[in-house]
Each structure stands twice: as structure tokens, then as C-alpha cells.
Protein chains: 2
Amino acid sequence: MANNKKTTIHDIAQKLNVTASTVSRALNENPRISENTRKAVLKAAKELNYEPNQIASALRSGRTQLIGMLVPNINRAFFSSIIRGVEEVANSLDYRVIVSQSSEIFENEESAVKAFLNVRVDGIIASIGKNTENFDHYKQVLDRGLPLVLFDRTTADLQTSQVVIDDYQGGYLATSHLIAQGCTRIAHFTMERKIDIYKERYRGYTNALLDHNIKPDENLLFSGNLQLEDGREHTLALLQKNQEFDAIFSASDYAAMGAMQVLKEKGLKIPDDVALVGFLNEPFTSFTDPPLTSVNQFPIEMGHTAANLFFDALHAGKKKVVPKKTVLQPELIVRASSLKEKH
Amino acid sequence: MANNKKTTIHDIAQKLNVTASTVSRALNENPRISENTRKAVLKAAKELNYEPNQIASALRSGRTQLIGMLVPNINRAFFSSIIRGVEEVANSLDYRVIVSQSSEIFENEESAVKAFLNVRVDGIIASIGKNTENFDHYKQVLDRGLPLVLFDRTTADLQTSQVVIDDYQGGYLATSHLIAQGCTRIAHFTMERKIDIYKERYRGYTNALLDHNIKPDENLLFSGNLQLEDGREHTLALLQKNQEFDAIFSASDYAAMGAMQVLKEKGLKIPDDVALVGFLNEPFTSFTDPPLTSVNQFPIEMGHTAANLFFDALHAGKKKVVPKKTVLQPELIVRASSLKEKH
DNA sequence: ATTATTTATGCAATCGATTGCACAAACAAA
DNA sequence: TTTGTTTGTGCAATCGATTGCATAAATAAT
């Protein structure tokens with residue numbers, strides 16, 4: 001049973017007294033092959049335990065059925081969920097996903113893209129690193145006529161399809177919700193970056209305030225890295241400056257978590273003294289005490305969308321289509337950290 | 001600048017009036033090539049902006065520099081961290097990782113392995129699905145002489161390298177710690193599966209009790225799916241049965257989280273009334289209130305180890321080496337949920 | 001100076017499938 | 001019957017790099 005040599009289309013051809021071309025066409029459902037030979041080929045293929053060599057196929061056809069996927073960090077819930085989403089769609093279409101991470105390091109990003117091109121992936125789905133300002137490696141992808149889809153962290157410098165969530169709307173939803181809970185002095189934790197996402201969340205926050213006739217107060221605005229420690233520091237600063245505040249909207253769940261810790265340490269009640277809203281809907285948000293209200297970005301859906309955009313571009317082929325930009329609507333997941341008793 | 005046609009070794013060869021063989025050898029640092037031509041080739045390659053076509057190389061050489069990696073779920077912290085670990089080692093050696101998930105469905109596992117073989121990966125690193133009992137697809141991998149490394153969820157049915165953590169030791173550490181905190185009535189949440197890992201944790205639990213002259217009590221043992229809801233149910237059952245207990249060691253953080261919720265709802269103090277220890281060290285464990293003591297499995301290290309075992313097997317080549325089994329030692333991360341004041 | 005060895009390169013087959021073009025056979029139209 | 005189409009296969013080149021074997025040139029040994 002253990003055929004040591006893998007069987008090729010030539011073996012099938014020989015067995016049936018036809019040529020490899022015929023076998024190849026039969027296997028690829030080419031309409032020019034008669035029903036009889038097609039069946040015979042399929043039967044022989046099964047008997048000989050034939051498995052196609054995708055490498056050989058790829059070399060000749062130029063199609064590897066591989067997608068290169070680049071994320072900043074594989075083991076961040078948001079990104080791993082997006083990978084999952086992409087993988088689901090890709091596998092169902094018999095494509096495979098090669099994953100690399102940049103770890104937010106520009107050189108890694110460059111070399112990963114180069115490696116993808118060397119293995120001749122059929123295209124790339126990527127999220128740009130935080131510190132990336134040069135996009136030549138991505139332009140090479142486009143120059144080769146390969147599909148490139150950017151997600152979450154994108155740039156206007158590249159004319160290509162992208163999928164993002166409506167960060168503005170996320171910020172607006174979160175802030176409006178806090179206002180609806182009766183909060184008027186709402187602090188905001190943000191990050192200053194090239195990336196637009198934080199600016200958008202901030203803009204949503206500001207506009208929500210203005211729409212409800214609340215004047216934004218610079219004293220309530222804090223900029224940092226949005227890690228847990230940053231959240232702690234911002235909150236301590238708020239308390240020490242003796243700033244009056246009754247809510248915090250953090251552009252990241254981690255910083256919100258830091259705030260929660262400090263507030264509890266200081267004996268403040270959440271949400272009654274200070275209501276709290278984060279962003280990302282990290283898995284841990286439902287396990288904190290109180291559970292943390294947050295903005296869901298639907299990462300798996302985002303992965304599906306990215307994959308679909310990818311295949312749209314792939315099937316469009318050479319006829320350059322107008323790049324599509326899909327904006328997903330976020331959802332505010334209200335939990336106890338911001339839900340006050342009726343007032 | 002935009003060379004539309006990619007340059008090949010033939011272009012380089014032509015430019016230098018040598019043959020493609022020479023160019024190939026020069027690029028692969030074959031010692032039979034003179035220093036001069038090597039340099040000339042390298043220079044010309046750079047000038048012509050040459051990028052190797054790995055597909056062509058793979059077809060001829062039989063080496064794709066691709067590793068197929070199969071996990072139950074990409075977006076589980078434990079697995080995504082292992083992927084990260086594998087990826088770090090692989091990329092540093094110029095290998096790429098193709099990721100697929102089985103979602104614990106046997107058919108997916110089978111077809112993923114088959115797909116890996118079709119793209120001619122150089123080997124596979126995998127964690128077996130919960131319900132997998134037939135290992136023929138993995139045997140095919142071994143039959144082809146390809147390296148196969150199993151991690152975390154393995155089986156004795158396959159003669160191949162594997163890396164696991166010492167689940168027994170994890171269970172023993174956790175339980176001993178609770179005993180050291182003065183607990184004597186320690187409940188255990190486990191799961192009944194083909195997989196050994198839960199049995200081992202349970203065995204560690206039992207032996208730790210026995211070693212401290214505590215008689216295991218069947219009334220304190222609960223079996224389920226170890227999800228949050230299971231933890232809630234088990235805890236409610238404990239309370240309703242009016243079982244005396246002063247600690248819970250759950251084989252999963254999620255079930256431990258369920259226990260924490262119920263205990264708090266019932267007004268019990270953690271750890272003073274009931275001390276709590278989980279397993280996995282999920283990211284959320286440091287964010288609960290109180291933070292949850294848990295057993296760290298070092299997933300990134302596990303990924304590194306799996307990758308190293310993979311490359312060991314790969315370099316060993318045909319000369320079948322004895323499969324290695326690496327057992328990583330887990331670490332108990334003590335947090336407030338189990339740390340009592342001095343007593 | 002002649003033979004033996006080493007060094008550097010070329011030749012041509014090969015990996016396994018795909019595909020444009022040619023062509024024979026079968027069938028339809030006139 | 002003759003010409004025109006359609007249908008089903010074969011031929012042979014091709015994708016781009018690798019590699020066993022042969023060989024010319026350079027060097028060492030006798």
C-alpha cells in the first residue's frame with residue numbers, strides 16, 4: 001500500500017493510455033474533455049491515490065493559492081480573531097494563509113512582505129505597524145499586480161482596498177452613552193500616533209459632547225500609550241489635580257482597566273462615582289468587577305470582510321478595479337461599569 | 001525602474017556570460033564557485049533587482065521552507081501565543097508558517113493536513129483536536145518522512161516528537177500551594193476526555209492531597225466542560241449540597257472565573273472563605289477581582305521548543321532519530337485569589 | 001615535461017503540472 | 001458528396017531553479 005513514489009498525472013496518463021495534458025484537463029474540469037475520459041481519470045486518480053503537487057501547479061500557473069497575512073502581533077486577541085476570520089473564508093475556497101508578525105518593527109514588516117513575495121503568494125492582507133511611515137514594500141506588491149487588503153491600521157498613501165471600523169462612531173457611541181447615563185465631566189484617554197484610529201475616536205468623543213452642549217475640557221484629556229499603567233497614571237493625575245469628573249472613556253480597554261484599579265483602590269464606586277467605558281472589547285472585559293463596558297470591533301467579521309475584499313480584487317485580476325473601502329459599524333457593549341441605576 | 005518581467009537567474013547568467021547553473025551555485029554559496037564570480041553574481045543580482053522564485057526552487061529541490069501549523073483555535077490566547085513562538089523561530093531561519101485551525105472538528109483536521117501535504121510543506125506542527133481518535137492523516141505525514149511535532153495535546157499512538165507541559169506537576173503545585181495556605185477541603189473541577197492533560201492535573205491534585213495526609217473526597221470532584229458556566233454550576237452545587245470546602249482548584253481559568261462570580265454573589269470572601277486557583281494563566285486572570293492565581297504554561301516558550309524539535313527532526317532527515325518528548329515545567333503564578341494573610 | 005589532482009564551470013535532465021496550437025475524427029450543413 | 005464546425009486529444013514548450021555528470025583550465029606532484 002505504501003507507494004513510496006508519489007503518483008503524478010503521468011502515472012495516471014500511462015495507465016489510461018492518454019497524455020498528461022488530458023489528465024490535467026480532466027482534473028481541472030476543462031469542458032473540452034469528454035465525460036467518459038473525465039470519469040476514467042477520476043477513477044484512476046483515486047485508485048492510484050493521486051494527490052496534486054501544488055508547487056508544480058503554482059510554478060506553471062503562477063497561482064499558489066497562498067495568502068500572506070501580516071499582523072503586528074499574532075497573540076493579541078483582536079488580531080488573532082481577524083486571522084481566524086480570514087482563515088475561515090480562505091480555507092473554504094481552498095486557499096491557505098501564511099501568517100507573519102511585525103511586532104511593530106518596520107524591518108520585520110519589510111522582510112515579511114518580501115518573504116511573501118518570494119514564496120509567490122497570490123496576495124497580501126495586512127495591518128500596518130505603528131511606526132511605519134514608508135510604504136515602498138507595499139507598493140511593490142501593488143506594482144506586481146497582486147491584491148493587497150489593509151485592515152484596521154491603514155494609510156491613505158496606498159491606493160488599495162481596506163476594511164476599518166468606524167472609530168469615530170465608536171467614540172461617539174461610547175460618549176453619548178455616558179452622557180445618557182447623566183455624566184457631564186467625561187475624561188478621555190487617547191494616544192498620539194500617525195495612525196488615524198485614535199484621532200477618530202477622539203473626534204467622536206468631542207462631537208458627542210458638543211452635540212449635547214457639553215464643552216470639551218482640555219484638563220480631562222490624557223495622552224499616552226494606553227497600556228494599563230498609563231490608565232493608572234492618568235487616573236491618579238485626575239484625582240490629584242482634583243479635577244471634577246464623573247466618567248472616563250478610554251480608547252483602550254487596558255488603560256480603562258488601569259483606571260478601574262485606581263478608582264477602586266481610592267474607594268470610588270463604579271459606575272456611581274465614576275462611570276467607565278473602554279474600547280476593543282477584549283476578552284477580559286466581561287471578567288472584571290464590575291464588567292467593563294466597551295466597543296466591539298467584530299474582529300472575526302473584519303477578517304471575513306478582509307478576505308472577501310481580497311478575493312474580489314483577486315478575481316478582478318488585471319482590470320484594475322476601484323479600491324473598495326469597507327467601514328464596519330462598531331457596537332457598544334454596555335456592561336455594569338457604566339450602567340447606572342435609573343436616575 | 002519598473003521591470004515588468006521579474007529577473008531570473010538566466011538574466012543574471014546572460015549578463016555575466018556564464019550559465020544559470022553557475023549563478024544558482026553562486027547564490028547558494030556552493031564552495032565550488034570562485035570568489036570572483038560569486039561576487040560578480042551577487043553584484044549583478046542586486047543591480048537587476050533579482051528575487052528568487054521559491055516555488056521554482058521548491059519544485060526542484062523538494063524543500064518549500066514552509067511549516068504547516070495546525071491548532072484547534074487560532075484566537076485562543078494559549079494557541080495564538082504558541083503560534084507566535086513557532087513563528088519567531090521559523091522566521092529567523094527563513095521558514096514561513098501556514099496556519100490552519102481545526103475548530104475541534106475532525107474533518108477539518110484531516111483536510112488541513114491534506115492541504116498541507118499538497119502544498120508540500122516541509123513538515124507539520126500540530127495540536128490534536130479534542131475529539132480526534134483516528135490518526136491516519138498524521139501517519140501519512142510520517143510515512144512521507146516529514147517531521148511532525150505535536151504539542152500540548154498529543155497521543156501515544158504516534159511515534160513522533162512532542163512537547164507538553166507537566167500537567168501533573170501543575171496540578172501538584174496548585175494543590176500544594178492551597179494546602180500551604182491552610183486549606184484542607186479542596187474541590188477540583190476537571191473534564192473527562194480522551195486527552196491526558198486533565199487526567200494528569202487531577203492526578204497531581206490527588207497526589208498532593210495524599211502527600212499531605214488529606215483524604216481525597218469524591219464529593220469535592222466535579223466534571224464538565226470547564227467553561228465559565230460549568231464553573232458556576234459546580235460551585236452552586238457545592239454550596240447547595242452544603243459541602244464544607246475552603247478552596248477550589250479548577251483545571252481551567254474559565255471555570256475558576258465562574259466559581260469566583262458565584263462565590264462573590266453569595267457573599268463569600270476570596271480567599272479567606274474560599275481560595276481559588278485556575279489553570280492556563282489566561283490574560284484575564286490578572287484583571288479579575290481578586291486577581292486569579294493560575295498555572296502558567298509558557299506558551300511562547302512552548303512554541304519555541306516545538307519549533308526547535310521540528311528543526312532537529314528536519315535536519316536529522318532520513319536517519320530516523322528517536323522521537324524526543326520535551327516536558328516543560330509549569331509555574332504557579334500566585335495572585336490574591338489564593339494568598340491568605342499569614343495564619 | 002608529463003601525469004595526477006584540484007578547481008571552476010557548463011550541459012542537459014529534472015521537478016510536475018499547465019496551456020497554446022495543431023490536428024484527427026465525428027458530425028452538421030449545403 | 002463536399003465543405004464547415006464542433007469535439008476530444010496530443011505535442012511540446014514552459015514556469016525557474018537545482019544538480020549529477022562531464023570537462024576544460026589551473027595547479028601540484030613526480
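Quick caveat: nothing in here was measured; it's all calculated off a predicted structure. Below, read A as the first sequence line, B as the second, and so on, with proteins coming before strands; counting in each chain starts at 1.
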Protein-nucleotide distance (B:H10, atom NE2; C:dG10, atom P), rounded to Å: 12 Å
message: From the set D:dA17, D:dG10, C:dG16, return the single nucleotide nearest to any side-chain atom of A:T22.
response: D:dG10
- line: Contacts of B:I33 and B:S61 projected onto DNA chain C by closest heavy atom; the upstream (5') one is B:I33
query: If we ignore angles and hydrogens, is there a donor and acceptor under 3.5 Å between the side chains of A:E87 and B:Q101?
result: yes
- prompt: Do B:E110 and B:Y138 get their side chains close enough for a donor-acceptor pair, meaning under 3.5 Å?
  reply: no
query: Pick the nucleotide of DNA chain C nearest each of B:V23 and A:R63; which residue has the one closer to the 5' end?
result: B:V23
- prompt: Would you say the side-chain atoms of B:Q162 and B:T326 include a donor-acceptor pair closer than 3.5 Å?
  reply: no
- line: Atom CG of B:L27 and atom P of C:dT9 are separated, to the nearest Å, by 13 Å
Options C:dT19, D:dA17, D:dG10, nucleotide nearest the side-chain atoms of A:S24: C:dT19
query: Between A:D11 (CG) and C:dG16 (P), how many Å, whole number?
result: 9 Å
message: What's the closest nucleotide to the side chain of A:T8 if the choices are D:dA17, C:dT18, C:dG16?
response: C:dG16
- prompt: Counting side-chain heavy atoms from C-beta on, which of D:dT18, D:dT9, C:dA17 comes nearest to B:N28?
  reply: D:dT18
message: Does A:S34 contact D:dT9 through a side-chain donor or acceptor facing the base, at a distance under 3.5 Å?
response: no
message: Just to be sure I understand the rule, does A:N36 reach a base, reach only the sugar-phosphate, or reach nothing, if contact means heavy atoms closer than 4.0 Å?
response: nothing
message: What is the separation between atom CD1 on A:I12 and atom C1' on D:dT9, rounded to the nearest whole Å?
response: 16 Å
- request: Would you check if the distance from the ring center of B:F106 to the ring center of B:H137 is below 6.0 Å?
  value: yes
Spacing between A:I9 atom CD1 and C:dT19 atom P, to the nearest angstrom: 11 Å
message: Let's see if you can work this out: which of D:dC11, C:dG16, D:dT18 has an atom nearest to the side-chain heavy atoms of A:L59?
response: C:dG16
- prompt: Side chains of B:S127 and B:D152: donor-acceptor distance under 3.5 Å anywhere?
  reply: no
message: Over all strands shown, is B:N30 touching base, sugar-phosphate only, or nothing at heavy-atom distances under 4.0 angstrom?
response: nothing
field: Given C:dG10, C:dT9, C:dT18, the nucleotide with the shortest approach to the side chain of B:R32
entry: C:dT9
message: How many whole angstroms separate atom CD of A:Q14 from atom P of D:dT9?
response: 18 Å
task: State whether B:S21 places a side-chain N or O below 4.0 Å from either non-bridging phosphate oxygen (OP1 or OP2) of C:dG10.
output: no
field: base_contact_polar (D:dG20 base, B:R25 side chain, donor-acceptor, <3.5 Å)
entry: yes
Length of the CD-C1' vector between B:Q54 and D:dT18, whole Å: 14 Å
- request: Find the distance A:E35:CD to D:dG8:P and express it as a whole number of Å.
  value: 10 Å
query: Take atom CD in A:E104; do more than 12 heavy atoms of anything else shown fall under 6.0 Å from it?
result: yes
